[in-house]
Amino acid sequence: MSAALDSAVAALLRRVSAQVIMPRYQTLAAHEVIDKAINDMVTIADTEAEVMLAEGLSAILPDAAVVGEEAVHADPALSARLDSGPCWIIDPVDGTNNFAVGKPPFGIIISFSDGGEILSGWIYDPLKDRLCVAHKGKGAFVNGERVAARTTGETPPIAAISTMFLDPVAREAVKQRIAPYYTLVDIPRCAAEQYPRLVLGVNDISVFERTLPWDHAAGVLFVNEAGGVAARPDGSAYRTDQHGQKGLFAASSPALFDEFVKRSGA
């Protein structure tokens, strides 16, 4: 992936943010927010931003397929595009529940895969103008500066774990096996914020039950390229073609990842 591509994607992210997303931040009318599912909202900013992002990304790499969160919600068959060939993956507003009530964090997540393998990722925070970028084998960057994942240095380590989507057995496992050995903190309900926290010394551990590619592909690559570890609980790689597979651990260092796997009994 070239510097020209990074520049084009960054310009698109900032343009969509300025023209579609930020004008609706804290100004949404009631009819512009829809309950898509339990604990899952969609706003007019999501749908309009996805259209603009899809058009822009298709112009950048015309031969790549495009998979957007809202498009797949409308037509689940579109997720088959993730299985073969180059593919853009779009989360137009990650952290929609926060955005819908007018509070941070939220962001735009773009990733690029080929045959299920994650090759590139961009995570943009419009409020901070923070752009996290990663390319496979090329490292991780924040606003153009290369970064290395750092732990919080806290004892016990800080773990951001949501039990929202866990079944009762998994919730009990968190309570019995994990809670005594970690400082548990609230999740931001925004992967565009949670993955950078693991690299920037805010959190040490994160656990995700649902692992949809538009939420996680860019963040997984960002953490791994920064020197942390983001993988399935058994240590296998996260891929974008693992439809419906649940469970993902991420840690700011390999040692913390290994220790957490032991504690969790995965």
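The structure displayed is predicted, hence computed values, not measured ones.
- A salt bridge links Glu193 with Lys128: the closest approach of a Lys/Arg side-chain nitrogen to an acidic carboxylate oxygen falls below 4.0 angstrom.
- Leu198 CG to Thr151 OG1: the interatomic distance, rounded to the nearest 0.5 Å, is 11.0 Å.
- Checked against the 6.0 Å centroid criterion, the rings of Phe260 and Tyr181 do not qualify as a close aromatic pair.
- Considering only heavy atoms from C-beta on, Asp91 stays 4.5 Å or farther from Glu50 through its side chain.
- Note that CZ of Phe112 and CG of Leu221 are 12.5 Å apart. Values are rounded to the nearest 0.5 Å.
- In this structure, Val20 and Glu48 have side chains that are in contact, with non-hydrogen atoms separated by less than 4.5 Å.
- Heavy atoms only, all atoms of each residue included: Arg130 and Leu200 are closest at NH1-CD1, 4.1 Å.
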- Test log, rule ring pair (Phe, Tyr, Trp, His ring centres under 6.0 Å), inputs Tyr195 and Phe208: CA-CA 11 Å; Tyr195 282 106; Phe208 306 95; 5.0 Å; yes

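- Taking each heavy atom of Gly139 and Arg146 in turn, the nearest pair found is CA-NH2, 3.5 Å.
- Residues Leu53 and Ile60 fall within the same hydrophobic cluster, defined by Ile, Leu, Val, Met, Phe, Trp and Tyr side chains chained together at heavy-atom separations under 4.5 Å.
- Across every non-hydrogen atom of Cys190 and Gly107, the tightest pair is SG-N, 4.3 Å.
- Between Trp122 and His135, the two ring planes are perpendicular [angle over 60°; tilted spans 30° to 60°].
- Two rings, from Phe222 and Phe141, have their centers 6.0 Å or more apart.
- A heavy-atom distance below 4.5 Å is found between the side chains of Val220 and Asn224.
- Among all heavy-atom pairs drawn from Ala49 and Val16, the shortest one is CB-CG1, 3.7 Å.
- Defined by atom type and a distance below 3.5 Å, a donor-acceptor pair is missing between the side-chain atoms of Ser206 and Arg197.
- The pair Asp241-Arg239 counts as a salt bridge, with a side-chain nitrogen and a carboxylate oxygen less than 4.0 angstrom apart.
- Tyr124 and Asp129 are linked by a side-chain donor-acceptor pair at a separation below 3.5 angstrom, with hydrogens and angles left out of the test.
- In this structure, the side chains of Ile89 and Thr240 come closer than 4.5 Å at one or more pairs of heavy atoms.
- A side chain to side chain contact (heavy atoms under 4.5 Å, CB included) with Asp46 is found for one member of Val93, Ile21, Ile34 and no other, namely Val93.
- When side chains are defined from C-beta on, Phe249 does not count as touching Ile205, because their heavy atoms never get closer than 4.5 Å.
- Side-chain atoms of Arg189 and Gln194 include no donor-acceptor pair closer than 3.5 Å.
- Using a 4.5 Å heavy-atom cutoff, the side chains of Thr152 and Val202 are not in contact.
- For the pair Ile123 and Leu131, the minimum side-chain heavy-atom distance is 4.5 Å or more.
- At a threshold of 4.5 Å between non-hydrogen side-chain atoms, the residues Leu28 and Phe99 count as touching.
- Taking each heavy atom of Ile108 and Pro92 in turn, the nearest pair found is CG1-O, 3.4 Å.
- When all heavy atoms are compared, the tightest approach of Phe257 to Arg232 is CZ-O, 3.8 Å.
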